[in-house]
Amino acid sequence: MTTSTPASREIPSLDANDAETFFRDYYATEQPVIFRGVTHADGGAEEVCRALCDKIAVDASVTERLLWYDVRQEMIDDVCTTPPVVTESMNPDTAFLRDNCVRVWFNSGGHTTPWHYDGHSLHVFNLQLKGKKRWTIVAPETPLPNMPFSKTCLFEENSLKGKRVYEFDLCEGDMVFLPRYWFHHVHSVGELNVNVNWVLMPKQQPAATKIAARESEILWLLDKTRFAMPSGVKWMLDNFAGAGEPALKTLTKDVSVGRGISRVAKEVIRSPMVILAIPTLIRKAKTVMKGKKILSGLLQTSQAAQKAA
């Protein structure tokens, strides 16, 4: 939800076969764009959901995340066609890639993803395979206030005055290219939503924005103090963007000691504001619990059906 919302800009659209324009005008400059009607999946939302869950239930390589599943590209190859711009982007010569480079999301109508930006410096191609979602995105050069050392925003209700904003609906078969560090808030409109995301970290330096600087400074701090960090943080650094140290060095090589210390001060001074964010944290916890319940229910149904077969 937002307050004091100015007229948002109309997000540009592009033919998914126009790779030259995409890489020149959007990928290289880290600007969002929509590809309309790029691919489809046969059958209704429940049928597609069941087919994907059946695959997830028996594939040991799948990793369950907070609200989605990380899967291999091959898992979705017979469900939908990968758009050409995605295939060209997933080039190990130009991007750091994960083994499980595809995310599969299942959401019910009314689900709302709280304001945040994605970690690991990831570009995301988000395909609305089934259903419909309403997006609001904000550019990283006009950032929203974040919780200290977090990618989650302090508030769910934010004034967007003075921000560079796009609002749009992503309908069945549409795909949005969301560059790294763009804030987003997503509301599920369709009764059942199935989304496929392809994620990658470009090997090029990120566009110079406030959030890009913030992320590189926080990563520098974590890397320099990893000896004192819990095992989960160490694992994250070792596997950052699927590459670990090479990806970290790409983002942190220009960070000085002065910038790192300054970042600590900037984050710590914001700490008292977390008290004001308690309602946001409660809503986020409820969203996560609801999402996990949906994921668990779908997977358990597929596992039970396969055992009975």
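- Take E172 and apply the side-chain hydrogen bond (donor to acceptor under 3.5 Å, both in side chains) test, not counting sequence neighbours, and it matches K130.
- With sequence neighbours left out, the side-chain contact (heavy atoms from CB on, under 4.5 Å) criterion links N17 to D15, P84.
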Could you list the donor-acceptor pairs under 3.5 angstrom formed by side chains in residues 203-214, with sequence neighbours left out?
from	atom 1	to	atom 2	distance (Å)
K203	NZ	P92	O	2.7
Q205	NE2	T250	O	2.2
T209	OG1	A212	N	3.1
R214	NE	E267	OE2	3.0
R214	NH1	Y117	OH	2.8
R214	NH1	S150	O	2.9
R214	NH2	M147	O	3.1
R214	NH2	S150	O	3.1
R214	NH2	E267	OE1	2.9

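- Remark: S121 engages R180, Y181 in a side-chain hydrogen bond (donor to acceptor under 3.5 Å, both in side chains) (not counting sequence neighbours).
- Counting heavy-atom neighbours within 6.0 Å of E74 CD, excluding the residue itself, gives a total above 12.
- D238 is linked by a side-chain hydrogen bond (donor to acceptor under 3.5 Å, both in side chains) to R226, counting only residues two or more places apart in sequence or in another chain.
- Residues forming a side-chain contact (heavy atoms from CB on, under 4.5 Å) with L222 (at least two apart in sequence, or on another chain): I218, M229, V233, M236, L237.
- Shown here are the side-chain contact (heavy atoms from CB on, under 4.5 Å) partners of A51, two or more places apart in sequence or in another chain: there are none.
- Sorted by first and then second residue, the side-chain hydrogen bond (donor to acceptor under 3.5 Å, both in side chains) pairs involving residues 137-148 (not counting sequence neighbours) are E141-R164.
- Among residue pairs with one or both ends in residues 34-60, those qualifying as ring-ring contact (aromatic ring centres under 6.0 Å, His included) are F22-F35; sequence neighbours excluded.
- Judged as a ring pair (Phe, Tyr, Trp, His ring centres under 6.0 Å), and not counting sequence neighbours, Y26 has no contacts.
- The side-chain hydrogen bond (donor to acceptor under 3.5 Å, both in side chains) analysis of residues 91-100, with sequence neighbours excluded, yields the pairs R98-H120.
- Partners of D254 according to the side-chain hydrogen bond (donor to acceptor under 3.5 Å, both in side chains) rule, which considers only residues two or more places apart in sequence or in another chain, do not exist here.
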